[in-house]
Each structure stands twice: as structure tokens, then as C-alpha cells.
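Read through the structure below, which is laid out as C-alpha cells, and then see the notes.
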Amino acid sequence: MGKVAIMGGTGLTSFDGLELKSSFPVSTPFGEPSSDLVMGEYKGKQVVFLHRHGEKHTIPPHRINYRANIWALKEMGVDRVIAIAAVGGISKDMAPGVLSVPDQIIDYSHAREQSFFSDDFSVTKHIDFSYPYTEPLRQSIIEAAQQCHFDIVKHATYGVTQGPRLETAAEIKRLAQDGCSIVGMTAMPEAVLARELGLDYASCAVSVNWAAGLSGDVISMTDIEDTLAKSQLKIRQIVTQLIEQL
Ligand code: HPA
């Protein structure tokens, strides 16, 4: 079995019981990943952490080198990626603070490198992507949340927008009509690149705001940051439980 990677957030690379082994830069044929790879060990399990937006959170969603990130993880012997995502809530059950495990994606992003085979294509590279998240890994996240006694929504369709701006109210209305229950900016091409390299991929999403036009007010970054801060502990507990379980 390979290693587990945690892709995401601030605050995840330090928690009780985690031994940090090393941290080093990696380069790939597709360029530099967003940050150094941090190798850790928790209860005898090897874990790799990667900050999707860079160590200081300076890389916007459309500028992330998704190919380098996924390639670097593969090279480190990772075979399962847990993606932590902050999202906007669209459906009624996705109020700020609610955790979910998406099972579908609709991609509205554009001009992002979507494939490792862009310059070396053959028909065999039309990979199956009917179910973009790895079901057993999704179930592991759900189980970990339940072990922690946290409510978690078991199905969600993640609409991926380009960013870095948030959406208009009309765009969110359209996403809702399309069947999106949450909206974020990073699930694509991350999920498809993981699939191309044969990595299991699942996500734990935390809703940090009502999506545009749904609360009757404009979206406040301060509110988003507050909700995110409040959710950090839960995410950390789920991640530690999950690492133990996997
Ligand atoms: N839209 C897109 N991405 C997001 C949002 C949002 O409302 N909230 C957090 N990430």
C-alpha cells in the first residue's frame, strides 16, 4: 500500500501525535508543485501534506499547477489523496459549517491544463470519469466523520468555477438548476489528474458561506474566515481519524 496524501489547508500540518519527518521541494516534468512536500508519520502511518494554494496561501485557484501537484504526490509513493476543500453552499442542506463528501462534479472552469497527456495523446487516454471520486475512499471519509460524531452530508455535486472572483447570483442560480449543491474552485482538474495517474481521490468539503445571492446579502470574507476557523478543528479530527483508519 502506498502513502496517503492530504491536499489542502492551512493548519493541517500540525496536530497532536503527528511526527514531522521532513519537508523538501520537488520538481516535476510539469514544473513546481504549490509547496514543499511535508512528510509525516501518525501512529505508524506515513502521510504526505501538500498546500494546494502554497504555504502562505498566495496561489489563486486558476494559477495552481495541478499537474505538478498530483505528479509530485505520485512520485512520493502516494496512492490515495484526501482533498480538503472550502466551498460555497448552494442546496438547502449546505449551510455554512456543514461538511460534505462530494460524489459528482460539474466543471465550469476553463483554460486549465486538464491532462498529463495534452502533448502526447492517443485514443487510450480517454479515461473513464463517470464517477470522479473514488467510492471506497469517500466511504472512509464518511466513516471517519461518523467516528468523530460529526454530521456529514454523504452526497454532493461540486460545481467548479474559475475564480478567483466569487460567482454572480445568476451564475449560482444556473449552477443550482444544473444540480450543483456546492461550489468551489479547485476540484478540477485535481480530480481528473489523480484519475489519470491511477490515484484514489476523495474530498472532504466544508461549506464556508452561502453561495452568491442565497443569503440576501453580499459575501463577506470575514464571515468565510470565521467559519473556516471554526471548522478547522473538525477537519483536523476527521483527518487524524481517517489516517488511523486507512
Ligand atoms: N464560490 C466558489 N468558491 C468558494 C466559495 C464560493 O461561494 N466559497 C468558498 N469557495
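Order of appearance sets the numbers: ligands from 1, and atoms from 1 within every ligand. Excluded from the calculations below are hydrogen atoms, water molecules and symmetry mates; all remaining heavy atoms, backbone and side chain alike, are included.
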If we ignore angles and hydrogens, is there a donor and acceptor under 3.5 Å between the side chains of Glu196 and Ser115? yes
Going by atom types alone, do Tyr158 and Asp103 pair a side-chain donor with an acceptor below 3.5 Å? no
Identify, with sequence neighbours excluded, every residue that meets ring-ring contact (aromatic ring centres under 6.0 Å, His included) alongside Phe30. Trp71, Phe116
Just checking, any donor-acceptor pair under 3.5 angstrom between side chains of Asp107 and Gln114? yes
Filter the ligand 1-protein atom pairs down to N or O on both sides and distance under 3.5 Å, then list them.
residue	atom	partner	partner atom	Å
ligand 1	1 (N)	Glu167	OE1	2.8
ligand 1	1 (N)	Glu167	OE2	3.3
ligand 1	7 (O)	Asn209	ND2	2.9
ligand 1	8 (N)	Gly88	N	3.3
ligand 1	8 (N)	Asn209	OD1	2.6
ligand 1	10 (N)	Ala86	O	3.3

Judged by modelled atom types alone, do Thr161 and Glu167 share a side-chain donor-acceptor pair under 3.5 Å? yes
Determine the sole option in Arg195, Arg138, Glu190 for which the side-chain hydrogen bond (donor to acceptor under 3.5 Å, both in side chains) test with Tyr201 is passed. Glu190
